[in-house]
Structures are given as C-alpha cells and as structure tokens.
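Okay, so here's the structure we're looking at.
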Protein chains: 2
Amino acid sequence: MSNLERIAKLSGFSKATVSRVLNHSPHVSQETRATILQIMKELDYVPNRNAISLSTGQTLQIGMITSSINEIMLPFLNGFVEVAEQHGFQTIIYTTNDDTSKERQAFEDLRQKRVDALVIISCVTSAKEVESYCKYGPIVSWQRMDNPAIGSVAMDQFKGYTLALDHLIPKGHTRIANALGRTYSINTRSRQQAYEQAMQKYNLPVLRQFYYPSTYTILDGERVMRAMLQQSEALPSAILCSNDHVAAGVLCEARRQHLRVPGDLAIVGFDDTELSHTLGITTIRNPIAAQAQNAFHLLSGPLRGIDMPQAELCFELIERTTT
Amino acid sequence: MSNLERIAKLSGFSKATVSRVLNHSPHVSQETRATILQIMKELDYVPNRNAISLSTGQTLQIGMITSSINEIMLPFLNGFVEVAEQHGFQTIIYTTNDDTSKERQAFEDLRQKRVDALVIISCVTSAKEVESYCKYGPIVSWQRMDNPAIGSVAMDQFKGYTLALDHLIPKGHTRIANALGRTYSINTRSRQQAYEQAMQKYNLPVLRQFYYPSTYTILDGERVMRAMLQQSEALPSAILCSNDHVAAGVLCEARRQHLRVPGDLAIVGFDDTELSHTLGITTIRNPIAAQAQNAFHLLSGPLRGIDMPQAELCFELIERTTT
DNA sequence: TTGAAAGCGTTACCAT
DNA sequence: ATGGTAACGCTTTCAA
C-alpha cells in the first residue's frame, strides 16, 4: 500500500505538495502536478479515507434512521441518497425496528464522528433525548417532531387531503369513507381533521363508521373494500385512501365485486406513485423525493457552511380515471 | 471534545493505560480502571472512530451493493444487517440502479478502506473487474457469479423447484404453468430446467405456451391469471410462481374469476414470505436470511480471522391451502 | 510555488 | 501493571 509519503519521496516533492495535488489546490505548477499524478497512477495510489476523516474531522457520511425499509419511504430514501451523493456525501442506513437501543447506536455514531449528520425517517426515541445529540452534529427529521430544536421537512397533510375533498365534493359526493394510516401519527390526525372540517363546511355527514385505520398495503385495501360492503349501511360514494397501494387494493377488490369505478365508488389515492399511474388512480401528488432534497438542504448549512434554500413544496391533485 | 490524552492527564495515568481500559485489557488493576472510567464519564468522553480506524486499519463497515431496494431482497438485507451487527459490523448500502460508475464507487471505497468488505446482491460490473478488487478486501455475492474467485451463497434453485413439482405431480397435476423471473438469470434457467426435466421424467407435456416471464409483483400475478384464461387452450391445473407476491396475485385474480383454488387451479409460491403465510399459499421455503448469514460467515475468515461454518441450507415445501 | 513540521486521536510495541 | 513513543496517513499553518 503506497501512501502520500511514498509518492512524495518518489516525485522529489514534499507531502504538502502532493496533498495539494490531491485537493486540487491552484498553488501547484502544471508540471509538478503532472509529475505527481503520473507517479500516483503508476503506483495505483489511493488516499486513505480514515486518515482524511481523522485529519479533517469530516466523514462525508450521513446516517439515516428508519424503523424498517418499505415501499412508502423508498422514494425518500432514494431521493436523499441521490442528492447527498451529488454533494459528495454517502448515506448509511440504520434500520432499528423501533428499538431504542439500536436508535441510540445511530446517535452514538454521530458523537463518535462516524457520521457527520443524521436524518430521521422514523424514530421512537424521545424528542428530548434526540435533542441532546444535536450538539454533536445536525439532525433533521422527515416526520414532524414535537421538539422545535429538530428541523423537519414534513408537509402539512391537511392541505393535501383538503385538495382531494375539494375535488370530490363538487362532483356531488356526499358520503365519503377514509382508509387511514397510523392512528396516533400527526399525519393521520391532520388528514382526519381536514376531512371533518370539510364535511362540516359543506354540511355533510362525518362517517366515522367508515374510518378504516392502519391501512398500508394492497391487501389492506382489499380488506377495506370487503368491510365496506359488509356494513349494514349503504356504500359510501367515495373513499380517500392513506396511500396508492391501499387505493389499488380497493380498486381491484371493487372490480372483483362488479362495482363500477367511479360510478358506484370513486377512489382517491395518495402519493402519486408509479402504481397509481399504472392503474389510472386519481391521487394526490406528494413530492416525497423533493422533501428528501429539502432534508439535505437543511443539513447543508451546518454541515458544509453552504446555505441551500428550502424548496416550496405543495400537493397537487392528479385526476385520473377513478373519480 | 475530550480525547485520550486529556483523560490520561487528568487521571494521572498514561494514554496506553487509558487505551487498555477502553479495550478491556486484563492488564489493568481494578482501581485504575475504576478511576479512569469515572473520569471518562465525567467528561462525557467518546473515542473517535476515525482515529481507531486509522490506527487499526479496520472500519468495521461492510458495503452492500444492490441495484435497488425492493421487497424481494429485503430479507437478505435485513438478515445480513442483523448478523453483521451482532459481530460489531455496520452495513452501508450502495444503491446503484445498475449503473457501473456507481458500482465502481463501492469498489473504490473498498480500496480506500472506507469499508472492510463487500457483499453483492446484484451488480452489472463484469466478474473479471470485480475480481480485480478482491485484493483490497473480501467480496462475497448472493447471486451466482461466473467467476469462481468470488464467493457466493446462492442456492441451487433446481432443488427447490423440483420439490414443488414432486408435490404437484403425485397429486395428479399433469398440465403445469410457470410464472418466471428474469429471463436470463441463472436462477430462472435452473427452475426452467427443473420443470422440463420433471415433466420429461413423468412423461408429461412441457407447456411452453404457459411460460410467463418477468413476473415479480402482485399485479404481475393478476396479469398472468388473466392471460391464462385468455389462452385458447384449456387452463392448466396448476401454476408455479416466481415468488409469493406473484402467487398472491394469481390467487386473488383466480378467486375474482370464480375459480376454485385448488380445485380448478393449484398455486405454489416461492420464498415463504409473510404474505404466503397470511393468504395460506403453499410455497417453497427459501432460507434467504440464512443465506445472508452465510454471506457474513464467508466474510468472517478473511475479515476477522475467525472461520465460521456455512450452514447447510435446503428448500422445504410448506403445504397450505392452495394445493 | 514549495517545504517543514505540527497536528488529528487512537493503537501497539518495547520497556520497566 | 504501567509508561514512553513510534506508528497510522493525511491536512494545514507558517515560512521561505
């Protein structure tokens, strides 16, 4: 293994100059640079990252904390990895299964300077404890945290949901069901509020008996559809789903039951994933990848001393064939 | 930020002794240890990982190369992360989108000692080029590589598929369809061979017109079911699926078409994921997490000087309600 | 433009 | 059981 010193010896220059070549310093003559680069190539030289990190105090690695990896957060993950990479940062993933001790491992890695920053997708550690790690490096969260000290790039779900309702109600839908996500999450609460407020505003019934909590997958959607049919009450004329997967399940099951969509039932998804595109499901475009970019931008200031603006994000209704 | 030297000064001992405490060396007296630990706690001391890595030449990080993250490889990913963690290693994921330059980044990180080893889930870099990086650290692959220099923990799909056939044929199934995966992968070829050999052995027809390539998801499965019904020929009496998701799709669509399962059509999945359990699909148990463990075990020798045995793995038929 | 030398924070060898 | 000190491989300041 050849190192800086070896290159320096062979080239006849000092380690400092070789280092300058490595870091593209302008204060090196063309010839010198050429000579040194030549020797590096011959020796198949590679700088040692650990030495660089030790010297600079930066690892160029960012940790990402998530309970598990699933399709919902994949656009965020991939979006973040991509923008980070563009700026020379690598992403290292901590899957925690919502285990606090595993989460602590990630926070400790921030202290130990194994990562320069942390981005939280989901985490069960208390906001207060998370905050105690802020002094070791910047931390940003996707989910909204109770603690204002921790930056967040979450979007207010209220607006997105309202968009869907303002689309459905003018079309004459009065009885609207909801397939929801995690019961106690801030997101779910916002959506529920949006629904209840809209219904009150238009003087329409709030169908609590058609709330279906904890729906995440295609199969959940199919289950919801069957459950709706088994209600003693008449079928709602529309359903808002927690995400496109659930909407896909509802759609498939509805067709299986020979219901016409949107004739008998209108369906609105959420997120605008590829699946909704494929199946032609009306949905709310949720700029998840852009949120991930914002997360990196938020980190950029403390991390690199470069302030990057937060993109102004908004939901958007994508009308397709299910409404 | 306090460091070893600071602790040494304050405790009155040398850096060497403090280091011994850190590394649980037995050659430190109880009192000394206690004193030093006490001071560490007071100063909220954390050892710097970069310094450790530079000094030891180990990062305790293992890179994982994959085209993208999806549900199929998730058990492998999670299985590997878990076993690695148990032995003090962290996993860092390189998603490459099958882009060779991104893959090269991962290999370069092995050279630069950012990771101690590499495990390949999927990669498009030529086996020859991959081999050229072997000298920088151990590399192991999940998929079978052409190059014998690179260890692999792939299992021979032939056996698993044969298991399914030996289950179906004695039950009287003579016309069997196949929903397959990547057309040119070694896995798919093995499965196809297993099918064709079994059919020849029992003197049954090889139904090439009921080969459905490139099936991966629930929706693909539903598509396959519809396609089978649209064939001019009579429906096969059974179908082997590339994975449980596809099987789930076939099952759902079959029911939607009012077919009896297994009466009109028997269905066999692959992998024994939670989904097959939930839906009661007969499937072939594929010990993916155990393969991931084997991958780590394979790395353990060159990585830690500790030889860990390869678990002898085998497929297993899990009979449920679809056959 | 270039060089010398002092860090960066550990580990590990050789003494004692 | 403990200490002194040379690595580890790079960056960065200060001089020249």
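Side chains included, hydrogens not; waters and symmetry mates left out as well; all remaining heavy atoms used. Each chain gets a letter, A, B and so on, in the order the sequences are listed, and its residues count up from 1.
Ranked by how close their nearest DNA chain D nucleotide is to the 5' end, Thr56(A) and Ala16(B) are led by Ala16(B). The nearest heavy atom of DNA chain D to Thr32(B) and to Ile52(A) marks one nucleotide each, and the one closer to the 5' end goes with Thr32(B).
When each of dT11(D), dG4(D), dG3(C) is scored by its nearest atom to the side-chain atoms of Ser14(A), the top-ranked nucleotide is dG3(C). Checking dT11(D), dG9(C), dT2(D) against every side-chain atom of Ala51(B), the shortest atom distance belongs to dG9(C). Among the nucleotides dA1(D), dC8(D), dG3(C), the one closest to any side-chain atom of Leu54(B) is dC8(D). Ranking dT2(D), dT2(C), dG9(D) by closeness to the Ser29(A) side chain, first place goes to dT2(C). Comparing atom distances between the Pro47(B) side chain and each of dT2(C), dT10(C), dC10(D) picks out dT10(C) as nearest. Minimum atom distance to the side chain of Phe13(A) is reached by dT2(C), of the listed dG4(D), dT2(C), dG9(C). Comparing dT11(C), dC10(D), dT2(D) by their closest approach to the side chain of Leu4(B) singles out dT11(C). Checking dG3(C), dA6(C), dA12(C) against the side-chain heavy atoms of Arg20(A) singles out dG3(C) as nearest. Proximity note for Asn3(B) (side chain, C-beta onward) versus dT2(D), dT10(C), dT11(D): the nearest is dT10(C). Counting only heavy atoms from C-beta on, Tyr45(B) has its side chain closest to dT10(C) among dC8(C), dT10(C), dA1(D).
Distance NE2 (His27(B)) to C1' (dA15(C)): 15 Å, rounded to an integer number of Å. Gln58(B) places its CD atom 15 Å from the C1' atom of dA12(C), with the value rounded to the nearest Å. Computed from coordinates, the Asn23(B) CG to dT10(C) C1' distance equals 9 Å when rounded to whole Å. Regarding Arg114(A), its CZ atom lies at a distance of 14 Å from the C1' atom of dT10(C), rounded to whole Å. Rounded to whole Å, atom P of dT11(D) lies 14 Å from atom CD of Glu5(A). Computed from coordinates, the Ile36(B) CD1 to dA1(D) P distance equals 13 Å when rounded to whole Å. Atoms CZ (Arg111(A)) and P (dG9(C)) sit 15 Å apart, rounded to a whole Å. When rounded to the nearest whole Å, the span between CG of Leu22(A) and P of dT12(D) equals 12 Å.
Between dG3(D) and Thr17(B), a contact under 4.0 Å exists linking OP1 or OP2 to a side-chain N or O. Checking the phosphate oxygens (OP1, OP2) of dG9(C), no side-chain nitrogen or oxygen of Asn50(B) falls inside 4.0 Å. Distances shown here put every side-chain N or O of Ser55(A) at or beyond 4.0 Å from the OP1 or OP2 atom of dG7(C). Between dT11(C) and Ser19(B), a contact under 4.0 Å exists linking OP1 or OP2 to a side-chain N or O.
Contacts of Val18(B) with the nucleic acid, taken as non-hydrogen atoms under 4.0 Å apart, are absent.
Ring geometry for His87(A) against Phe296(A) counts as parallel: the plane angle stays under 30°, on a 0 to 90° scale with 60° as the upper cut. Aromatic ring orientation, Tyr133(B) versus Tyr136(B): tilted (interplanar angle from 30° to 60°).
Judged purely by distance below 3.5 Å, without hydrogens or angles, the side chains of Gln105(A) and Asp109(A) pair a donor atom with an acceptor atom.
In this structure a side-chain-to-backbone donor-acceptor pair under 3.5 Å is present from Ser185(A) to Thr188(A). Side-chain atoms of Arg114(B) come within 3.5 Å of backbone N or O of Thr59(A) as a donor-acceptor pair.
Residue side chain Lys15(B) reaches the base of dT10(C) through a donor-acceptor N/O pair under 3.5 Å, judged by distance alone.
A salt bridge links Glu108(A) with Arg111(A); the closest basic N to acidic carboxylate O contact falls under 4.0 Å.
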